[in-house]
Participant: 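What follows is a structure written as structure tokens; I'll ask about it next.
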Amino acid sequence: MNAPKIHTHELPNLERAENGVVMRFAPNPSGPLHLGHARAAVLNDAYVERYGGRYILRIEDTDPKRVDPDAYRMVQEDIGWMGLRITDIFYQSDRFDQYYKIGGDLIGLGGAYVCTCENEQFRVLKQAKTPCPCRGHTIEENLELWQKMLDGAFYEGEASLRVRTSLDHPDPAMRDFPAFRILNEPMHPRIEAHVYPLMNFTVAVDDHLMGVTHVIRGKDHIANTRRQKFIYEYFGWNEPVYRHYGRMGIEGVVLSTSQMREGIRSGMYSGWEDIRLGTLRALARRGIQHEAVRQVVLDIGIGETDISFSWDNLFAKNRDIIDPVADRFFFVPDPVPFAIAGATAREAHALLHPGDGKKGYRTLKFEEDVVLPGQEFQNDVKMIRLKDLFNVTVDWSSGSPLLTYAGEALSDARAQKAPIVQWLPAEGATRCTLHSPDGDIQGLCENTVRTMQDKVVQFERVGFVRIDSVTDEGIIAYFCHK
RNA sequence: GCUGCUAUAGUGUAGUCCGGCCAAUCAUGUCGGCCUUUCACGCCGACGACUGGGGUUCGAAUCCCCAUAGCAGCACCA
């Protein structure tokens, strides 16, 4: 066995980071974390690790429509699984009073105005670079309207606070974007509010108040960064260093939380842990190690190129970690019973790990009746070696295969190019269902696997699996990768 | 439509800022071989890329221009 050769691309250095950094991971608690979150979380974590400093977890729960009360817990669990070195935790829902105050300050600076236009009407005016009537309010009028908003004088959609940018800005996305809105429902799970701040406002305010020095986030935030800079400018705050990495598409899975939620609701998926999902808990259930996720994310880096995530690359990292430590066991898919003629009862000893004899071996009793993988008999094999036991010849003359003891010598099996297959005693094996993304496989496995709950083992000639549960009914395992 | 970002092998990535050391790195993948009582691991070998077109230059993956493609934003989501 060799030490796992982990070589990961070095992340580029960050400017203005020599004296330490303050960075943040800021998820929306709408569901559990997935691979997309892991990228942001790990990248930031790695830089805090490199430069030293604080790593802030900021729960961005300012949209009650997109808050799942369970997600507060799930996000924490997922962060724990990833092993992030979080030093500070903030909930934006605890900070509304500050946002209101600073919103008022921004109005006082002439940087924001209360807009009571209809949304669609404003959109049209904006495209035409034309100010809406509300833009002409004086600061005093705005302050008054703002107070009315806070006092509940407006209903949902009737008023918003907009940041005054530049109406002839070439990018329509920059023109007078909203900072607060009014929402009458749903109720926020943690607080009572009807004036809700929007992310471009809270992010700018919080990044400043929390002393964030470096922001690493996806390219989809480039426009938001530019919007947030307007707020920095009004207040004269120092901007953090921004880096935006490219979009990451993931082959074969839905990453959108709302789509996953819908799939779960409709029964298409069993839950957030369904192994067909890209959630971290789904990966963990299959036996993907958090360190493999970290490595693959660091390997991908912070390039601005849009990329497609490759499961192969993740599996390779995971295999590097798992292969040296995973115990080996026999699993017989599609088990077919056979009686071996001419063999004497005995015990077979098979290494728990072929590269590490110190781990010892497991013992399998042979007493004439065994089960073998059905697919080994699809073509007319003449000889098979039962691994760690002996050779058998296969006689097809009666139509169905008859197996007869054919000696111990491995060299005979080699000479005959006999397949070496996993086997189990017909009496003394445990039922095992192996769930894989491609479907379920029924089979039998060694009884010892009963002691391996939550561990990742290798089913020889099948692949690495995680033992999910052990009951009187049998074992449930999840296929990880070859 | 407007605005912006990106463009190296099947996938990820190095090199691009400061042109020559790049007939382009490493990993993964695929194929072949060796090793092996697993179709795992390990070892050896092969395959495979600078989006296209102009320009600057003695010389361009690297600089400039144009084109094309992909992505994102233009939400009272994050």
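Letters A, B, ... are given to chains in the order of the sequence lines, protein chains preceding strands, and every chain is numbered from 1.
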Participant: Does Arg346(A) qualify as a cation-pi partner of Phe390(A), given the criterion of NZ or CZ under 6.0 Å from the six-membered ring centre and within 45 degrees of its axis?
Facilitator: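 Here Arg346(A) fails the 6.0 Å and 45° test against Phe390(A).
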Participant: Figure out the CG/P separation between Asp388(A) and U38(B), and round it to whole Å.
Facilitator: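 Rounding to the nearest Å, CG of Asp388(A) and P of U38(B) are 8 Å apart.
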Participant: When every nucleotide of nucleotides 9-18 of chain B is labelled 5' to 3' by its protein contacts under 4.0 Å (heavy atoms), B for base, S for sugar-phosphate only, - for none, what sequence of letters results?
Facilitator: --BBS-----
Participant: Tell me whether Glu118(A) at atom CD has more than 12 heavy atoms from other residues, nucleotides or ligands lying less than 6.0 Å away.
Facilitator: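 No.
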Participant: Roughly, in whole Å, what's the span from CE in Met174(A) to C1' in U3(B)?
Facilitator: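 That distance rounds to 8 Å.
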Participant: Just how far, in rounded Å, is P of A78(B) from CG of Asp206(A)?
Facilitator: 12 Å
Participant: Would you mind classifying the nucleic acid contact of Arg58(A) as base, sugar-phosphate or nothing, using non-hydrogen atoms under 4.0 angstrom?
Facilitator: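 Nothing, no nucleic acid heavy atom in range.
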Participant: Between atom CG in Asp176(A) and atom C1' in A75(B), what is the gap in whole Å?
Facilitator: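 In whole Å, A75(B) C1' lies 15 Å from Asp176(A) CG.
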Participant: Inspect the contact between Lys148(A) and Glu158(A) and indicate whether a charged nitrogen and a carboxylate oxygen are less than 4.0 angstrom apart.
Facilitator: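 No.
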Participant: Mind checking if Lys126(A) touches a base, just sugar-phosphate, or nothing, with heavy atoms under 4.0 Å?
Facilitator: sugar-phosphate
Participant: If you measure from the Lys or Arg side-chain nitrogens to the Asp or Glu carboxylate oxygens, is any gap between Arg24(A) and Asp207(A) under 4.0 Å?
Facilitator: yes
Participant: Just N and O in the side chain of Arg319(A): are any of them under 4.0 Å from OP1 or OP2 of G29(B)?
Facilitator: yes
Participant: Give every donor-acceptor pair under 3.5 Å between a side-chain atom in residues 307-315 of chain A and any protein atom, sequence neighbours left out.
Facilitator:
{"from": "Ser310(A)", "atom 1": "OG", "to": "Asp312(A)", "atom 2": "N", "distance (Å)": "3.2"}
{"from": "Ser310(A)", "atom 1": "OG", "to": "Asn313(A)", "atom 2": "N", "distance (Å)": "3.2"}
{"from": "Trp311(A)", "atom 1": "NE1", "to": "Glu251(A)", "atom 2": "O", "distance (Å)": "2.8"}

Participant: Over all strands shown, is Gln458(A) touching base, sugar-phosphate only, or nothing at heavy-atom distances under 4.0 angstrom?
Facilitator: base
Participant: How is His221(A) classified with respect to the nucleic acid when contacts are heavy atoms under 4.0 Å: base, sugar-phosphate, or nothing?
Facilitator: base
Participant: Asn224(A) near the nucleic acid: base, sugar-phosphate alone, or nothing, with a heavy-atom cut-off under 4.0 Å?
Facilitator: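 Contact class for Asn224(A): base.
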Participant: Taking atom P of U37(B) as reference, at what distance in whole Å does atom CD of Gln416(A) sit?
Facilitator: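 Rounded to the whole Å, the gap is 18 Å.
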Participant: Flag the pair Asp68(A) and Arg261(A) as a salt bridge only when some basic side-chain nitrogen lies within less than 4.0 angstrom of an acidic carboxylate oxygen.
Facilitator: yes
Participant: Grab the CD-P distance between Glu376(A) and C39(B) for me, whole Å please.
Facilitator: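 That distance rounds to 11 Å.
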Participant: Considering only heavy atoms and no angle criterion, is a donor-acceptor pair shorter than 3.5 Å present between the side chain of Arg328(A) and the base of A40(B)?
Facilitator: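 Indeed there is one.
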Participant: So, Asp412(A) versus Gln416(A): side-chain donor-acceptor pair below 3.5 Å or not?
Facilitator: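 Result is no, nothing qualifies.
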Participant: With a 4.0 Å cut-off on heavy atoms, is Leu198(A) in touch with a base, just the backbone sugar-phosphate, or nothing at all?
Facilitator: sugar-phosphate
Participant: Need one value for Gln127(A): base, sugar-phosphate or nothing, where a base atom within 4.0 Å counts as base even if backbone is also close, heavy atoms only.
Facilitator: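 Base, at least one base atom sits under 4.0 Å.
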Participant: Tell me the interatomic distance from Asp171(A), atom CG, to C5(B), atom P, rounded to whole angstroms.
Facilitator: 10 Å
Participant: Would you classify Thr62(A) as touching base, sugar-phosphate or nothing, given that sugar-phosphate means primed atoms plus P, OP1 and OP2, and contacts are heavy atoms under 4.0 Å?
Facilitator: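 Since only primed, P, OP1 and OP2 atoms lie under 4.0 Å of Thr62(A), the category is sugar-phosphate.
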Participant: For Phe330(A) and U38(B), what is the distance between atoms CZ and P respectively, to the nearest whole Å?
Facilitator: 9 Å
Participant: When the P atoms of U36(B) and U11(B) are considered, how many whole Å apart are they?
Facilitator: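 Rounded to whole Å, the distance is 37 Å.
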Participant: At under 4.0 Å, does any side-chain N or O of Arg226(A) touch on OP1 or OP2 of G4(B)?
Facilitator: no
Participant: Using atom P of each nucleotide, how far apart are U16(B) and G32(B) to the nearest Å?
Facilitator: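 Going atom to atom, P in each nucleotide, I get 38 Å.
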Participant: Thinking salt bridges, do Arg294(A) and Asp45(A) make one under a 4.0 Å N-O criterion?
Facilitator: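 So Arg294(A) pairs with Asp45(A) through a salt bridge.
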Participant: Taking protein heavy atoms under 4.0 Å as touching, what does nucleotides 47-52 of chain B look like 5' to 3' if B marks base contact, S marks sugar-phosphate-only contact and - marks none?
Facilitator: ------
Participant: Quick check: does any side chain N or O of Glu446(A) sit under 3.5 Å from a backbone N or O of Phe330(A), one acting as donor and the other as acceptor?
Facilitator: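 Here the side-chain-to-backbone pair exists.
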Participant: Please check if the number of heavy atoms outside Lys129(A) that lie under 6.0 Å from its NZ is greater than 12.
Facilitator: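 Atom NZ in Lys129(A) is packed in, count exceeds 12.
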Participant: Phe459(A) and ring pair (Phe, Tyr, Trp, His ring centres under 6.0 Å): which partner among Phe331(A), Phe329(A), Phe479(A)?
Facilitator: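 For Phe459(A), the ring pair (Phe, Tyr, Trp, His ring centres under 6.0 Å) check succeeds only for Phe331(A).
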Participant: So what does Pro354(A) touch, heavy atoms closer than 4.0 Å: a base, only the sugar-phosphate, or nothing?
Facilitator: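 It contacts base atoms.
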Participant: Is the phosphate of A7(B), meaning OP1 or OP2, less than 4.0 Å from a side-chain N or O of Lys219(A)?
Facilitator: no
